[in-house]
There are 2 protein chains.
Amino acid sequence: MSSGFWLAHCLLTTPRARKGFNLLSMLGAHKDVAMDGTRDRNIFGAFALMIGDDIVRASSSRAPEAGPAASALALLAHKPGLSIRMLAVGVGLSHAGAVRLVDRLATEGLIERREHSTDGRTRSLYLTRAGKIASDKVLASRDQVIAEGLSILKPRELKILCDIAERVLRSRLESLEQSYRICRLCCYEGCTNCPIDAELLERGVDRENDDDG
Amino acid sequence: MSSGFWLAHCLLTTPRARKGFNLLSMLGAHKDVAMDGTRDRNIFGAFALMIGDDIVRASSSRAPEAGPAASALALLAHKPGLSIRMLAVGVGLSHAGAVRLVDRLATEGLIERREHSTDGRTRSLYLTRAGKIASDKVLASRDQVIAEGLSILKPRELKILCDIAERVLRSRLESLEQSYRICRLCCYEGCTNCPIDAELLERGVDRENDDDG
DNA sequence: TTATAGTATATGCGCCACGCATACACTTAT
DNA sequence: ATAAGTGTATGCGTGGCGCATATACTATAA
């Protein structure tokens, strides 16, 4: 069997050939046999999933309960006075679920409901002192897990990665609600010149002075 | 008030000054006022969390039920014959939870339990034809969401990002069990020359020919 | 001003996935 | 052969969640 025949045979019979791979891409590629980027996306997806899982696991392990409690604490540290409605969106819960979450966290003395300054319906949520401590623990463990994950990267690579992250974040930003989800575990003090805020401002939304929370 | 006094004043009184920022880092940095990387980690964390959330949401929205079902289908497409024990680890469920998940998916005709070739205790799990279709939908939506997320990047940046991802994945790999979690939503055909497999092999673990699944 | 619609929060209710503990089947070591 | 270890299955209780609804308040319109 000639090598040419073998190549053609493979191209026609392997699963890879049937999934859109072609001769040109096979001849032109070095490490990545398929130049269509499937492998890149696969590996990057695993990477993002691993880091994301680590972030969620590390942060919620420091929270008083599993699930969205960690995000709620961090979000309230970021934006004191948040309403229950926006909290619900930020942590990805239904409104009723958020009310119950606030109930539990309030019972534990971590957050408190106050009257809204202008709207009698809205409750403004604030961290208590104990809540601030809990939130700090959550954020610290998140920061640590990211630092560990990226510890093998050189400072220059970190910069490149951060630059890419920043541009992707800005381009994929859809709405104010989504911005709360994205930033739900971010550290306020650490996010100097936050790209999400900047992008929202460019679009005419001022998240920082948004008193409806 | 001289500018020098003003600078010193800020350094001593702003929250930023109290959190480890110093004069040197302020003078030396351009965009990132703090050179300690806090902002980089913050932004990258938001980035990873957003992509990770998108992956989970997109894939599980194509699955017959929310939660770990999508991961289970993808994992079984990747490794047919997987045991319930390893499936449980891969999708992050207790053993009992995995048994129930398998019950539901089997009732829906998506997977089936077969006898293990050598071990009478172990059940080998396989996708049915319908399960393969469902799994393909899950993987396709994952691939699409990643492609959309990275669509603004130039091919060269994609390569850099993938290279970083690959190295971080290999360096952060801890165990065979963790590798199943990391790859739980990966596409088998798309992951040519899988870095996780390569890393495991270097460490003397052969995930591909692991019949205990 | 009054009436109506819209919005924010709270709650009754039921569901279902989950984990713990246990039981059973089978394998491996002594 | 007995004991210990491992994989799977199940009874049971728990708890967070969403749906639908009730209540309070705001905003708009006649």
Side-chain angles (χ1 to χ4, degrees), chain A residues 56-57 60-61 63-73 76 79 81-108 110-126 176-177 180 210-213, chain B residues 56-57 60-61 63-73 75-76 79 81-108 110-126 176-177 180-181 210-213:
Chain A
V56 170
R57 177 159 19 90
S60 69
S61 76
E65 65 178 59
S71 310
L73 292 173
L76 287 177
K79 276 202 67 67
L82 205 66
S83 70
I84 287 190
R85 168 140 218 94
M86 291 306 284
L87 181 71
V89 176
V91 302
L93 242 52
S94 74
H95 200 116
V99 172
R100 265 56 188 269
L101 176 59
V102 169
D103 285 343
R104 296 194 297 273
L105 293 178
T107 303
E108 298 196 59
L110 298 174
I111 69 179
E112 57 183 13
R113 289 180 235 241
R114 299 187 197 155
E115 305 286 314
H116 191 272
S117 52
T118 61
D119 193 326
R121 301 166 296 182
T122 306
R123 308 289 173 174
S124 291
L125 303 174
Y126 292 89
L176 179 64
E177 287 77 16
Y180 284 108
D210 195 8
D211 65 339
D212 74 344
Chain B
V56 170
R57 176 158 19 89
S60 69
S61 75
E65 65 178 59
S71 310
L73 292 173
L75 213 43
L76 287 176
K79 277 201 67 67
L82 205 67
S83 70
I84 287 190
R85 170 139 215 94
M86 290 308 283
L87 181 72
V89 176
V91 302
L93 242 52
S94 75
H95 201 116
V99 171
R100 265 58 187 268
L101 175 60
V102 169
D103 285 344
R104 297 193 297 272
L105 294 178
T107 303
E108 297 196 60
L110 298 174
I111 70 179
E112 56 183 14
R113 288 181 236 241
R114 299 186 198 158
E115 305 287 314
H116 191 271
S117 52
T118 61
D119 193 326
R121 300 165 296 181
T122 307
R123 308 290 174 176
S124 290
L125 303 173
Y126 293 89
L176 179 65
E177 287 76 17
Y180 284 108
R181 279 201 303 273
D210 195 7
D211 64 339
D212 74 344

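Here is how names work: the chains are called A, B, and so on, in the same order as the sequence lines, proteins then strands, and each is numbered from 1. Just so it is clear, the model here is predicted, and its values are computed rather than measured.
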Chemist: Could you give the CG-to-C1' distance, from A:Leu93 to D:dC19, as a whole number of Å?
Modeler: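 It is 14 Å, rounded to the nearest whole Å.
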Chemist: Students often get this wrong, so: under 4.0 angstrom with heavy atoms, is A:Leu101 touching a base, only sugar-phosphate, or nothing?
Modeler: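 No contact at all - A:Leu101 keeps every heavy atom at 4.0 Å or more from the nucleic acid.
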Chemist: Let me know the distance between CZ of A:Arg123 and C1' of D:dT26, rounded to the nearest Å.
Modeler: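 Spelled out: CZ on A:Arg123 to C1' on D:dT26 is 14 Å.
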Chemist: Is any side-chain heavy atom of A:Glu115 less than 4.5 Å from a side-chain heavy atom of A:Arg123?
Modeler: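 SC-SC contact between A:Glu115 and A:Arg123 confirmed.
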Chemist: Among D:dT8, C:dA8, D:dC19, which is the nearest nucleotide to the side chain of B:Ser83?
Modeler: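 Of all the options, the side chain of B:Ser83 is nearest to D:dT8.
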Chemist: Using a distance-only criterion (donor-acceptor N/O pair, under 3.5 Å, no hydrogens), is the base of D:dG11 paired with the side chain of B:Arg100?
Modeler: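 Counting by modelled atom types and ignoring angles, a donor-acceptor contact under 3.5 Å is found here.
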Chemist: Work out which heavy atom in A:Ala98 is nearest to a heavy atom in A:Leu93; give both atom names and the distance.
Modeler: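 Of all heavy-atom pairs spanning A:Ala98 and A:Leu93, the closest is N-CD2, 3.8 Å.
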Chemist: Do you know which two heavy atoms are closest between B:Ile111 and B:Leu76, and how far apart they sit?
Modeler: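 Nearest heavy atoms, B:Ile111 then B:Leu76: CG2-CD1, 3.7 Å.
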Chemist: Which comes earlier along DNA chain D counting from the 5' end, the contact point of B:Arg113 or that of A:Ala66, where each point is its nearest nucleotide?
Modeler: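 Going by which nucleotide is closer to the 5' end, it is B:Arg113.
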Chemist: What integer distance in Å separates B:Glu115:CD from D:dT8:C1'?
Modeler: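 Value for this atom pair: 12 Å.
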Chemist: Taking any heavy-atom pair under 4.0 Å as a contact, classify B:Asp119: base, sugar-phosphate, or nothing.
Modeler: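 Sugar-phosphate, no base atom in range.
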Chemist: Rounded to the nearest angstrom, tell me the gap between atom CD1 in A:Ile84 and atom P in D:dA24.
Modeler: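 From A:Ile84 CD1 to D:dA24 P: 17 Å.
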Chemist: Can you confirm whether A:Glu65 sits close enough to A:Leu101 that some side-chain heavy atom of one is under 4.5 Å from a side-chain heavy atom of the other?
Modeler: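 When only atoms from C-beta onward are counted, A:Leu101 and A:Glu65 do touch, with a gap below 4.5 Å.
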Chemist: When the distance from CE of B:Met86 to P of D:dT6 is rounded to whole Å, what number comes out?
Modeler: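 Roughly 14 Å, once rounded to whole Å.
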Chemist: Does A:His95 put a side-chain nitrogen or oxygen below 4.0 Å from OP1 or OP2 of C:dA10?
Modeler: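 No, A:His95 has no side-chain N/O under 4.0 Å of OP1/OP2 on C:dA10.
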Chemist: Quickly work out the A:Leu87 CG to D:dC17 C1' distance and round it to whole Å.
Modeler: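 Going from CG in A:Leu87 over to C1' in D:dC17 covers 15 Å.
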Chemist: When the distance from CZ of B:Arg85 to P of C:dT27 is rounded to whole Å, what number comes out?
Modeler: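 Atom CZ in B:Arg85 sits about 18 Å away from atom P in C:dT27.
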Chemist: Is there a donor and acceptor pair closer than 3.5 Å between the side chain of B:Arg121 and the base of D:dT6?
Modeler: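 Answer is yes: a donor-acceptor pair is held.
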Chemist: Counting side-chain heavy atoms from CB outward, which of C:dA17, C:dT9, D:dG7 is closest to B:Arg104?
Modeler: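 That would be C:dA17.
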Chemist: Applying salt bridge (charged side-chain N to carboxylate O under 4.0 Å, His left out), which residue pairs with at least one partner in residues 92-103 of chain A are found, sequence neighbours left out?
Modeler: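 Listed by first then second residue: A:Asp103-A:Arg113.
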Chemist: What's the closest nucleotide to the side chain of B:Pro68 if the choices are C:dT11, C:dC18, C:dA8?
Modeler: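 Among the listed nucleotides, the one closest to the side chain of B:Pro68 is C:dC18.
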Chemist: In whole Å, what is the span from the CZ atom of B:Arg114 to the P atom of D:dT8?
Modeler: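 About 16 Å, once rounded to whole Å.
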